[in-house]
Amino acid sequence: MIDLFADNLLSDPIKPVRPIALGKTDWPPDYKGVLAWRIRQLQRLRADPQMLEAAKIYYSTRPSEFIMHWMDTFDPRRTDNKWIPFIFFERQVDLVDFLHECRNGNESGLIEKCRDAGATWVSCAYSIWSWIFIPSDAIGWGSRKAELVDRIGNADSIFEKLRLLVHRMPSVFKPEGFSPRNHATYMRLINPANGAVITGESGDNIGRGGRSSIYFKDEAAFYERPEKIEAALGDNTNVQIDISSVNGLGNVFHRRRKDGVEWYRGADLPRGAVRVFTFDWADHPAKTQEWYDTRRAKAEREGMLHIFASEVERNYAAAVSNTIISKEWIQAAVDAHMKVASLIEAGVIDRWGAGLDVADQGTDRTAIAFRQGIIVQ
C-alpha cells in the first residue's frame, strides 16, 4: 500500500517539497509553490481513503518528509505572511536524523547551537511527528522557567509551539477524537487515538514527572541547579536531549559537550557516549559571510563582541566575565614555538617545569601541566 502514495508523490509534476532539504543555492524556498502542492495533495487524500491510509504508513517512518510536507513554522520578522511551510535546509534534516538515531539507539544527545538555528522548532516538530505516529509514546520537555515551557499565546514557549504545529496541520493527519480543549492543556498534549503524550516541566522539577521515551531540555546551559535535574532525569529516560546556546565554562552542559562524541551521518559511535550535534551559523543558507561580517562589526562598535562570540560563534569562554586570558589568545599561542625558532635555537627548550592546581570546592578537578622550555606538554 505504501507504494500507492509514493507513486503519487513521484507523479506530481511540480515537487517543491523535496525528500532532501534545500541548500544555499536554492534558498529561500518557493513557499507559494509548496502551498499549491499541499492543496493538490490534500484534494487527492480527501478523495481517496486508501491513498490517505497509504500516506500515513509512508510518513510513519519518514519524520523529515512529514514535517516539510504538512507543518508550518512561525517567523515574526517576516513582513508578509509570518506563518510559512516548514521547509528544511540541509542541517535541519541532519538534526531530525540525529534525534531519530538517538531515540532508536537509546542514546542521549546534545545540540550545541548558535542563535536563530531553529533547533527548538525542529525538535518540537519531531515531537509532534512522534506523538502522531508512535503509539503510547511519552515525550518530556523542560526549561528553566515555567513561562518558557508553556505560556498561552506566546509562540516563544515550547507548548505554544507544539499546539500551533498541531493546529495548523491538515485535519486528515490530526488524531481521531482530538479536541484542543480536552487534549491540549497546560504543559500537556494528549493523543486520544493512540495514547501518546507530551508533558512539560520547569526548574528543579524537570524529570520528576514520570518516565519518558525521550526528554528534551531546552536552553540546558542556563539552568540554575543543573545537578539536581540530572539526578532526576537519570531515572526518567534513557534518551536525554540537551539543546542550548553556550553559557560559559564548567557547567553541566559544557562538561557534557566536552566529554561527548561528534555525531555525523553513518558514524559508528561508542555506546553510552553523549552524541554531540553542532549547529553553526554558517549552516543556515540565509547567513552569508557578508551577514557575519556585518553583524560582527556592529557588535564590535557597540561593545557587544563578547555576546556575539557567545551566541553566534558558540565561544564558551566569551560568556565568562573577568577572564584574564581570552580564548583567541590561547588559540594564537598553539604551536607558536614553531614560528619563534630563535627561542628554540637559544636552548630554552631544554628546561623543564611543572604547575599544579589542586581542586578545592565546586566541580573543578585537580590539574597538572608540564612545560619544556616554552612548550606545554
Side-chain angles (χ1 to χ4, degrees), residues 9-10 12-42 59 62-101 111-129 155-156 161 164-165 168-170 243-246 262-266 276-299 308-309 311-314:
L9 291 178
L10 292 173
D12 196 304
I14 302 176
K15 294 179 281 295
V17 184
R18 307 179 184 181
I20 60 173
L22 301 181
K24 287 184 179 290
T25 57
D26 301 314
W27 201 263
D30 175 15
Y31 292 118
K32 291 183 179 179
V34 173
L35 293 172
W37 181 91
R38 288 182 176 184
I39 291 171
R40 290 196 304 274
Q41 288 296 322
L42 276 175
Y59 287 127
R62 295 170 173 84
S64 290
E65 289 187 57
F66 182 76
I67 295 167
M68 286 195 289
H69 288 182
W70 303 115
M71 292 192 193
D72 292 338
T73 188
F74 180 72
D75 187 350
R77 297 166 299 184
R78 289 177 60 88
T79 56
D80 50 358
N81 189 2
K82 300 184 186 305
W83 280 100
I84 51 178
F86 206 157
I87 306 302
F88 291 156
F89 49 84
E90 292 176 1
R91 194 59 173 159
Q92 289 178 326
V93 169
D94 290 341
L95 178 54
V96 172
D97 292 344
F98 167 79
L99 295 174
H100 206 47
E101 189 172 306
I111 302 169
E112 178 194 87
K113 68 183 183 72
C114 62
R115 295 298 299 269
D116 196 32
T120 302
W121 270 105
V122 171
S123 299
C124 284
Y126 177 81
S127 299
I128 294 298
W129 169 86
D156 287 336
K161 286 183 175 70
L164 289 169
L165 285 167
R168 295 187 63 85
M169 275 195 317
I243 308 171
S244 192
S245 51
V246 307
E262 290 282 349
W263 176 92
Y264 58 90
R265 196 183 304 277
V276 176
F277 184 95
T278 303
F279 220 138
D280 188 68
W281 68 267
D283 293 328
H284 197 303
K287 291 179 169 51
T288 62
Q289 187 64 44
E290 181 183 2
W291 172 90
Y292 172 86
D293 293 340
T294 301
R295 286 289 298 271
R296 193 180 193 284
K298 181 177 183 293
F308 177 86
E311 298 199 345
V312 177
E313 298 176 327
R314 311 187 328 278

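Atom set for the values below is all heavy atoms of this structure, side chains included, hydrogens, waters and symmetry mates excluded.
With rounding to the nearest 0.5 angstrom, the CE atom of M169 is 5.0 Å from the CZ atom of F66. To the nearest 0.5 Å, atoms SG (C124) and CD1 (I243) are separated by 7.5 Å. Between atom CZ of residue F308 and atom OH of residue Y292 there is a gap of 4.5 Å, rounded to the nearest 0.5 Å. To the nearest 0.5 Å, atoms CD (E313) and CZ (R295) are separated by 11.5 Å.
Annotation: side chain to side chain donor-acceptor pair (under 3.5 Å) contacts of Q289 (sequence neighbours excluded): D293. Applying the side chain to side chain donor-acceptor pair (under 3.5 Å) rule to D280 yields the partners R314; only residues at least two apart in sequence or on another chain are considered. With sequence neighbours left out, the salt bridge (charged side-chain N to carboxylate O under 4.0 Å, His left out) criterion links E290 to no other residue. By the side chain to side chain contact (heavy atoms under 4.5 Å, CB included) test, D116 pairs with R77, K287, sequence neighbours left out. Looking at residues two or more places apart in sequence or on another chain, you find a side chain to side chain contact (heavy atoms under 4.5 Å, CB included) between S127 and I139, W141, L162, I198, F216. Residues satisfying the side chain to side chain donor-acceptor pair (under 3.5 Å) test with T73, not counting sequence neighbours, are none. Listed by chain and number, the residues in a salt bridge (charged side-chain N to carboxylate O under 4.0 Å, His left out) with K113 are E219 (sequence neighbours excluded). Evaluation of the side chain to side chain contact (heavy atoms under 4.5 Å, CB included) rule for E101 yields W263 as partners, not counting sequence neighbours. Partners of R168 by salt bridge (charged side-chain N to carboxylate O under 4.0 Å, His left out), not counting sequence neighbours, listed by chain and number: D72. Among residues two or more places apart in sequence or in another chain, the side chain to side chain donor-acceptor pair (under 3.5 Å) test is passed with S123 by none. Scanning for salt bridge (charged side-chain N to carboxylate O under 4.0 Å, His left out) contacts around K298 gives E302, with sequence neighbours left out. Under the side chain to side chain contact (heavy atoms under 4.5 Å, CB included) criterion, Y31 pairs with W27, P29, R78, I84, P85, I87, not counting sequence neighbours.
Of all heavy-atom pairs spanning A155 and K161, the tightest one is O-NZ, 3.0 Å. The two residues I111 and A119 have their closest heavy-atom pair at CG2-CB, 4.3 Å. The two residues R38 and I67 come nearest to each other via the heavy atoms NH2-O, 4.3 Å. The two residues W281 and T288 come nearest to each other via the heavy atoms CZ3-O, 3.4 Å. A117 and C114 get closest at one heavy-atom pair: CB-O, 3.7 Å. Summarising the geometry of I128 relative to M71, their closest heavy-atom pair is CG2-CE, 3.7 Å, with the distance given to 0.1 Å.
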| said: The test is side chain to side chain contact (heavy atoms under 4.5 Å, CB included); show your working for Y126 and H100 and say whether it passes. | reply: CA-CA 9 Å; Y126 177 81; H100 206 47; 2.8 Å; yes
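Side chain of W129 to main chain of Y59: a donor-acceptor pair is present (N/O by atom type, distance under 3.5 Å, no hydrogens or angles).
Looking at F279 and L95, their side chains come closer than 4.5 Å, going by heavy atoms from C-beta outward. Using a 4.5 Å heavy-atom threshold, the side chains of V312 and W291 count as touching.
Other residues, nucleotides and ligands contribute only 12 or fewer heavy atoms inside 6.0 Å of the NZ atom of K32.
The aromatic rings of W83 and W121 sit perpendicular, their planes meeting at an angle over 60°, well past the 30° parallel limit. Using cut-offs of 30° and 60° for the angle between ring planes, the F89 and H284 rings count as tilted.
The side-chain tip of R91 points at the ring of F277 from less than 6.0 angstrom away and within 45° of straight on.
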